[in-house]
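Notes for the one structure printed next.
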2 protein chains.
Amino acid sequence: MAHGIGDVAARTGLSVHALRFYEREGLFAGPIVRDPGGRRVYSDDDIEWVELCARLRETGMPIDAIRKYADLVREGPGNEPDRLALLQAHQERIEAQMEALSVGLSMISYKVRVYEKRLAEGTASDLWTGRAASGD
Amino acid sequence: MAHGIGDVAARTGLSVHALRFYEREGLFAGPIVRDPGGRRVYSDDDIEWVELCARLRETGMPIDAIRKYADLVREGPGNEPDRLALLQAHQERIEAQMEALSVGLSMISYKVRVYEKRLAEGTASDLWTGRAASGD
DNA sequence: ATAAGAGCTAGAGCCCGCTCTAGCTCAAGC
DNA sequence: GCTTGAGCTAGAGCGGGCTCTAGCTCTTAT
């Protein structure tokens, strides 16, 4: 199936600007075909690739790293260990991020509980003790 | 306990530049005391606050949002529901992020497994079938 | 035939979050 | 008393990742 850039944008959540930008930046593994009028025509495979890029970006992989991966794929078979290394490195980054998020989340959840408790007491007693029970 | 800015930087992982920047940006709930020579002197409470800010930033809360929270705290008691709302909103953002990360992670883990398998087969058979088994 | 709408390129612009510089002051150790 | 090192301010600069603009072309529906 062939798809126009607008289509692809709509279905991947990226903007058409971003799609052209990614292409210029060399994030695509192969050239995007053009129709006789010079417009980009995306294949289903292209869309799949764009979706991968979107996930990689969403999980914080820098453009630069994605380009390196795309370069390897473009080079063709033979460099699988290198590709694997890039993916694994990113896997670890994601795991670290998740850890950081969960630490932050539990800190915030704690504060939320404190506020909720204080508010419940407040509506019950209609009185605030200022900084009596800390917790900003 | 009183701490110099270098100290605080070391123990929070932020740079001294970032600490001054945060202060300028109004992320602090109260003014930072200065010594007779004009240097910042951080209390334990200040450090705790800085640590909160660091966690909020790490989890992707924009400077702007942290400032709003700090503004509320600075205003004093009475606006707890507003503070709670900000925290809850951020809590949700974090949860959404974690979701996105885990989707991305599973996509990548899948690819990693594919490569590992292909490599294992490759070393076994010493032959690559090119794009026979897709998966970039 | 025409007007609307999607696409194209090259390049400028923007936002965020720091980071760095210049030029100065201060406190402490040798 | 002098050097070294930490700190200060105001403001410039930067890197990443888009986003937007201008000016043009092409397709399509009326």
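Just so it is clear, the values below take in all heavy atoms, side chains as well, and ignore hydrogens, waters and symmetry mates. Below, chain A is the first sequence line, B the second, and so on; all start at residue 1.
When rounded to the nearest whole Å, the span between CZ of B/F21 and P of D/dG11 equals 15 Å. Separating the OH atom of A/Y22 from the C1' atom of D/dG16 is a distance of 11 Å, rounded to the nearest angstrom. Here the P atom of nucleotide C/dT9 and the CD1 atom of A/I32 are 12 Å apart, to the nearest Å. Taking atom CZ of residue B/R40 and atom C1' of nucleotide D/dC8, one finds them 7 Å apart after rounding to whole Å. To the nearest angstrom, P of D/dG11 lies 14 Å from CD of B/E25. At whole-Å resolution of the value, OH in B/Y42 and P in D/dA6 are 16 Å apart. Atom-to-atom, NE2 of B/H3 to C1' of D/dG7 comes out at 17 Å; the value is rounded to the nearest Å. The distance between atom NE2 of B/H17 and atom P of D/dG13, rounded to the nearest whole Å, is 16 Å.
Between A/T59 and B/L105, every side-chain heavy-atom pair lies at or beyond the 4.5 Å cut-off.
Base engagement by A/R20 is indicated by at least one non-hydrogen atom pair under 4.0 Å involving a base atom. Counting any heavy atom pair closer than 4.0 Å across all strands shown, B/P36 reaches no nucleic acid atom. When heavy atoms are screened at a 4.0 angstrom cut-off, B/R24 is found touching base atoms of the nucleic acid.
Here the side chain of A/I5 is nearest to one of C/dT9, D/dC20, C/dG7, namely C/dG7. You'll find that the side chain of B/R39 is closest to D/dG5, out of D/dG5, D/dT27, D/dT19.
Across all their heavy atoms, A/C53 and A/L27 have their closest contact at SG-O, 4.0 Å.
Listed pair B/R34 / C/dT25 fails the phosphate criterion, with no side-chain N or O lying under 4.0 Å from OP1 or OP2.
Using a 4.0 Å cut-off between charged side-chain N and carboxylate O, B/K68 and B/D71 make no salt bridge. Salt bridge status for B/R34 with B/E23: present, with a side-chain N to carboxylate O gap under 4.0 Å.
In this pair, B/Y69 and B/W49 present their aromatic rings parallel. The plane angle is below 30°, not in the 30 to 60° band.
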